[in-house]
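Step one of this worksheet: look at the structure below.
Letters A, B, ... are given to chains in the order of the sequence lines, protein chains preceding strands, and every chain is numbered from 1. The figures here come from the full heavy-atom set of this structure, side chains too, leaving out hydrogens, waters and symmetry mates. These numbers come from a predicted model, not from an experiment.
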Number of protein chains: 2
Amino acid sequence: MPSVADRVADELRLQLAEGILLPRARLTESTIAEDLGVSRNTVREAFAELASERLVVRHPNRGVFVASLEPGDIHDVYTVRRVIEVSAIRGGGSPEAVAAVRAAVEEGRLAAAANDDEGLGTANQHFHKAIVALAGSRRLNTIMAQVLAEMRLFFHKATMDAHFYSGYLKDNEEICAALEAGELERAAELLLAYLDRSEEKQAEVHGE
Amino acid sequence: MPSVADRVADELRLQLAEGILLPRARLTESTIAEDLGVSRNTVREAFAELASERLVVRHPNRGVFVASLEPGDIHDVYTVRRVIEVSAIRGGGSPEAVAAVRAAVEEGRLAAAANDDEGLGTANQHFHKAIVALAGSRRLNTIMAQVLAEMRLFFHKATMDAHFYSGYLKDNEEICAALEAGELERAAELLLAYLDRSEEKQAEVHGE
DNA sequence: AATCGAAGGATTGTTGAACAATCGCTAAAT
DNA sequence: ATTTAGCGATTGTTCAACAATCCTTCGATT
């Protein structure tokens with residue numbers, strides 16, 4: 001049912017998330033068209049989709065490249081996250097939405113017990129996705145989804161360090177507890193502190 | 001220097017903003033290609049661009065239509081605005097950014113003096129764009145730009161009523177003054193109240 | 001008469017090939 | 001060593017064709 005262009009975009013998104021395609025890598029239309037057995041024109045449409053999600057950058061007449069976040073971009077991304085996530089948590093949200101946050105915390109706990117670093121990362125993303133979902137806005141959800149997708153792009157370096165996520169589980173648990181207890185202001189403060197620390201870590205890893 | 005697809009997208013964006021293309025109108029690839037003297041394929045790429053901005057909706061195998069906001073969308077858009085604008089103003093911002101807000105207020109005052117309803121509307125958009133710019137985030141700016149573009153789509157109905165904007169000038173002036181005085185919390189409250197009232201008005205106009 | 005279903009027409013989705021425009025690189029010339 | 005000229009590869013765009021899908025109309029059935 002999904003169009004071919006969509007499936008091509010999905011495949012590329014997957015390869016981006018898996019780290020098969022690394023930042024700054026060049027994507028040549030003809031080779032991808034051949035590899036996936038589709039027309040060059042279709043690849044083009046897929047590129048347009050990915051470009052609109054900032055996963056890929058178009059350099060006119062030069063080609064498209066896997067996006068790479070520079071120091072300024074890291075701060076920018078975290079600014080967006082602070083604005084959206086903190087506002088969302090301040091709003092409280094429906095019981096089901098809060099339950100989704102709790103579920104993400106549990107998912108993380110399970111992944112940690114299984115020593116599944118990969119799962120730990122996605123659980124964390126689910127957690128922050130659930131935080132934004134508190135606001136109950138379709139548009140905010142898609143914005144957040146895009147930001148998270150953008151972040152996955154340069155998380156691979158960081159993921160190498162298994163200790164990168166160390167401690168964030170406790171943070172999430174604490175934030176979730178405050179949220180459930182209705183201590184929204186406290187939850188917001190904790191979340192903000194977490195984001196600041198996370199940005200700092202990212203800046204270190206990507207620092208030069 | 002801009003690509004043909006970009007120029008087609010620009011032209012369509014213009015026609016959307018001008019109200020030449022009304023919500024729910026159908027955009028047929030072949031006619032647009034003919035009208036603008038470009039290939040159908042190029043029109044397709046332009047469509048992809050507009051669809052990513054939510055100005056246009058793709059119904060698979062049925063065509064693309066000018067987006068039309070439904071009651072739920074109106075609330076959703078204002079939720080995004082509340083989250084982003086209020087957060088931005090709470091952050092304060094650089095003196096130049098504050099000056100830009102003031103400039104937008106003046107722009108509105110001039111338009112009002114000239115009885116220029118059209119100008120009044122764009123001045124208001126500049127005002128809110130400047131508010132978001134306080135946060136100094138490229139991503140937040142583009143998000144806000146898209147939201148405003150989305151709103152222009154269904155503002156045409158409202159613009160008929162010249163009194164629709166009545167009073168908002170004073171609001172902006174007051175918000176700006178509070179911002180300049182460093183009374184950020186008060187500015188945020190005023191802005192929030194304005195957005196709530198604005199949403200209510202929109203819901204009335206589009207209500208059924 | 002109302003409902004259902006089968007052509008028919010129109011539009012989108014996708015392909016393939018072609019060509020111009022543009023860029024990066026290499027090699028020649030000063 | 002610097003500049004220039006040209007070459008090769010890739011993108012940007014067009015065109016033409018065909019398959020897939022949808023909407024409508026028309027007719028058949030009950």
Side-chain angles (χ1 to χ4, degrees), chain A residues 1-16 20-70 142 150 153, chain B residues 1-16 20-70 142 150 153:
Chain A
M1 196 82 83
S3 89
V4 176
D6 286 338
R7 269 175 296 168
V8 172
D10 283 344
E11 173 61 23
L12 292 178
R13 256 188 289 261
L14 187 68
Q15 294 193 14
L16 289 171
I20 300 172
L21 292 174
L22 294 174
R24 293 225 161 267
R26 181 176 191 170
L27 301 180
T28 338
E29 295 180 355
S30 38
T31 54
I32 291 181
E34 233 177 271
D35 289 357
L36 302 182
V38 300
S39 154
R40 194 160 74 89
N41 241 319
T42 302
V43 172
R44 225 141 203 294
E45 292 205 16
F47 280 173
E49 208 172 319
L50 297 176
S52 80
E53 298 167 10
R54 289 183 190 271
L55 296 182
V56 122
V57 185
R58 281 194 114 112
H59 288 243
N61 287 319
R62 296 187 14 77
V64 318
F65 302 80
V66 178
S68 91
L69 299 212
E70 308 176 11
T142 76
E150 212 174 338
L153 241 56
Chain B
M1 197 79 85
S3 89
V4 177
D6 286 338
R7 269 175 295 168
V8 171
D10 283 344
E11 172 62 23
L12 292 177
R13 257 188 288 262
L14 187 69
Q15 294 193 15
L16 289 171
I20 299 172
L21 292 173
L22 295 175
R24 295 222 158 269
R26 180 176 192 170
L27 301 181
T28 350
E29 296 181 355
S30 38
T31 50
I32 292 182
E34 237 176 85
D35 289 356
L36 301 182
V38 300
S39 152
R40 194 158 75 88
N41 242 320
T42 303
V43 173
R44 228 142 199 294
E45 291 205 17
F47 280 174
E49 207 172 319
L50 297 176
S52 80
E53 299 167 11
R54 288 182 190 271
L55 297 182
V56 121
V57 185
R58 278 193 116 112
H59 288 241
N61 287 317
R62 296 185 14 78
V64 317
F65 302 79
V66 179
S68 92
L69 299 214
E70 307 172 13
T142 76
E150 211 174 339
L153 241 55

query = Among all residues two or more places apart in sequence or in another chain, which pass the side-chain hydrogen bond (donor to acceptor under 3.5 Å, both in side chains) test with B:T28?
reply =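 In terms of side-chain hydrogen bond (donor to acceptor under 3.5 Å, both in side chains), with neighbours along the sequence ignored, B:T28 is linked to B:T31.
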ask   = Does A:T142 have any side-chain hydrogen bond (donor to acceptor under 3.5 Å, both in side chains) partners at least two apart in sequence or in another chain, and if so, which?
value =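 In terms of side-chain hydrogen bond (donor to acceptor under 3.5 Å, both in side chains), with neighbours along the sequence ignored, A:T142 is linked to B:R54.
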message = Which residues pass the side-chain contact (heavy atoms from CB on, under 4.5 Å) test with B:N41, not counting sequence neighbours?
response =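 With sequence neighbours excluded, B:N41 shows a side-chain contact (heavy atoms from CB on, under 4.5 Å) to A:N41, B:S39, B:R44, given in chain and number order.
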request  = Not counting sequence neighbours, which residues clear salt bridge (charged side-chain N to carboxylate O under 4.0 Å, His left out) with B:E150? List them please.
outcome  =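 Applying salt bridge (charged side-chain N to carboxylate O under 4.0 Å, His left out) to B:E150 gives A:R139.
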If you look only at distance, which donor and acceptor atoms sit under 3.5 Å apart when one is on a side chain in residues 5-12 of chain B and the other is two or more places apart or in another chain?
{"unit_1": "B:D6", "atom_1": "OD2", "unit_2": "B:S3", "atom_2": "OG", "d": "3.4"}
{"unit_1": "B:D10", "atom_1": "OD1", "unit_2": "B:R13", "atom_2": "NH2", "d": "3.1"}
{"unit_1": "B:E11", "atom_1": "OE2", "unit_2": "B:Q15", "atom_2": "NE2", "d": "2.8"}

ask   = Tell me the ring pair (Phe, Tyr, Trp, His ring centres under 6.0 Å) pairs involving residues 35-56 of chain B, sequence neighbours left out?
value =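 Sorted result for residues 35-56 of chain B: empty, none.
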Shorter than 3.5 Å, N or O on both sides, protein versus nucleotides 4-8 of chain D: list them out with atom names.
none

Pairs meeting criterion salt bridge (charged side-chain N to carboxylate O under 4.0 Å, His left out) with involvement of residues 33-42 of chain A, two or more places apart =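 Listed once each, the pairs are A:E29-A:R40.
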request  = Heavy atoms under 4.0 Å is the rule here; annotate nucleotides 12-24 of chain C 5' to 3' with B where the base is hit, S where only the sugar-phosphate is, and - elsewhere.
outcome  = BBBBB-B---SSS
